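Working notes for the structure below.
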Amino acid sequence: MTRRRGAIPPSAPTRWERVWAVVRRIPRGRVATYGQVAKLAGLPGQARFVGYALAALPDGSGVAWQRVVNASGRVSARRDGGNAEALQAAMLRREGVRFGADGAIALERFRWRPRGGRR
DNA sequence: ATGCTGACTATGT
DNA sequence: TACATAGCCAGCA
């Protein structure tokens, strides 16, 4: 107990961990936008960090990262140019999320709406 | 310790 | 309508 008053706790959750916690709450068959997740994680206006946090997710984390799409309702392109993009779309379709003819999801229809007044 | 990089979005010209 | 800019975390060399 040498920890002094006001000291930072041993494992203070990082902002990224908070982002992951929010993403875990997105139900199957629904999607949320980066900005939406950022706000729910207590990082309003920091949509970009959500993208970073997801990119940093370790494999097998159990976090449904595929349920996070950009404000246009589309799967964001990875700079890496891997197959993650196609995989994400495939996973979403498998959950029942449908893409329009232009490849975009109708957010007004599939967007996750958490209860409790927050959005 | 510094600097670069990476899954975004709102706003202004 | 299209393009540029600001905002600002965490891991790694």
Side-chain angles (χ1 to χ4, degrees):
Chain A
M1 316 312 225
T2 57
R3 208 162 299 297
R4 319 237 236 101
R5 175 184 59 68
I8 295 175
S11 305
T14 65
R15 289 172 172 74
W16 286 15
E17 288 172 328
R18 278 192 270 170
V19 167
W20 299 335
V22 171
V23 176
R24 275 181 180 286
R25 293 169 48 197
I26 305 173
R28 189 171 172 289
R30 286 288 193 224
V31 298
T33 65
Y34 291 93
Q36 184 182 357
V37 172
K39 186 174 181 180
L40 292 171
L43 303 169
Q46 310 286 16
R48 196 177 194 181
F49 292 151
V50 174
Y52 297 159
L54 295 185
L57 263 177
D59 275 348
S61 61
V63 177
W65 53 269
Q66 76 271 22
R67 295 178 190 149
V68 183
V69 299
N70 63 34
S72 302
R74 289 179 54 83
V75 171
S76 286
R78 274 63 164 168
R79 282 197 60 131
D80 205 318
N83 62 328
E85 249 174 277
L87 175 64
Q88 179 174 6
M91 291 175 88
L92 287 176
R93 292 182 68 97
R94 184 165 139 274
E95 295 185 357
V97 176
R98 315 245 223 128
F99 289 75
D102 59 353
I105 296 168
L107 293 178
E108 65 278 3
R109 181 176 164 187
F110 293 103
R111 181 174 172 167
W112 169 47
R113 289 170 197 156
R115 288 162 195 184
R118 283 180 277 175
R119 25 176 141 178

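Predicted model only: the values in this text are computed from it and were never measured. Throughout, a chain's letter reflects where its sequence line sits, starting with A, and its residues are numbered from 1.
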List for me each residue that meets side-chain contact (heavy atoms from CB on, under 4.5 Å) alongside A/Ala55, sequence neighbours excluded, and say none if there are none.
none
About how many Å separate CG of A/Leu87 and CD of A/Gln66, when rounded to the nearest 0.5 Å?
8.0 Å
Residues 98-110 of chain A, side-chain donor-acceptor partners within the protein, below 3.5 Å, at least two apart:
from	atom 1	to	atom 2	distance (Å)
A/Asp102	OD1	A/Ala104	N	3.1

Base, sugar-phosphate, or nothing for A/Ala77, non-hydrogen atoms under 4.0 angstrom?
sugar-phosphate
Residues two or more places apart in sequence or in another chain: which of them pass salt bridge (Lys or Arg N to Asp or Glu O under 4.0 Å) with A/Glu85?
none
Do A/Tyr34 and A/Asn70 have side chains that approach each other closer than 4.5 Å (heavy atoms only, starting at C-beta)?
yes
Within residues 45-58 of chain A, the residues having a heavy atom closer than 4.0 Å to DNA chain B are A/Ala47, A/Arg48, A/Gly51, A/Tyr52, A/Leu54, A/Ala55
Looking at A/Thr14, is its backbone amide N or carbonyl O close enough to the side chain of A/Glu17 to form a donor-acceptor pair, meaning the two atoms are under 3.5 Å apart?
yes
Using side-chain hydrogen bond (donor to acceptor under 3.5 Å, both in side chains) as the criterion, list what pairs up with A/Thr33, not counting sequence neighbours.
none
Residues of residues 90-108 of chain A with a heavy atom under 4.0 Å from any atom of DNA chain B, listed by number, are none
Could you state the atom-to-atom distance from CG of A/Leu40 to P of B/dT9 in whole Å?
14 Å
For A/Arg28, what residues pass the side-chain contact (heavy atoms from CB on, under 4.5 Å) criterion, not counting sequence neighbours?
A/Arg67, A/Glu95
For DNA chain C, which nucleotides open and close the run of contacts to chain A, 5' to 3', at under 4.0 angstrom from a non-hydrogen atom?
C/dG7 to C/dA10
Side-chain heavy atoms of A/Phe49 within contact of A/Val19, under 4.5 Å
no
Mind checking what makes side-chain contact (heavy atoms from CB on, under 4.5 Å) contact with A/Leu57, not counting sequence neighbours?
A/Trp20, A/Leu54, A/Ser61, A/Val63, A/Trp65
In whole angstrom, what separates A/Trp65's CH2 from B/dC8's C1'?
17 Å
Can you pull out every side-chain hydrogen bond (donor to acceptor under 3.5 Å, both in side chains) where at least one residue sits in residues 49-60 of chain A? Sequence neighbours excluded, please.
A/Arg48-A/Tyr52
Please report, rounded to the nearest Å, how far the C1' atom of B/dT9 is from the OH atom of A/Tyr34.
12 Å
Using only atom types and a distance under 3.5 Å, with no angle test, would you say the side chain of A/Gln36 pairs donor to acceptor with the backbone of A/Ala71?
no
Drop me the distance from A/Arg93's CZ to A/Met91's CE, to the nearest 0.5 angstrom.
14.5 Å
Between the protein and nucleotides 11-13 of chain B, which nitrogen or oxygen pairs are less than 3.5 angstrom apart?
none

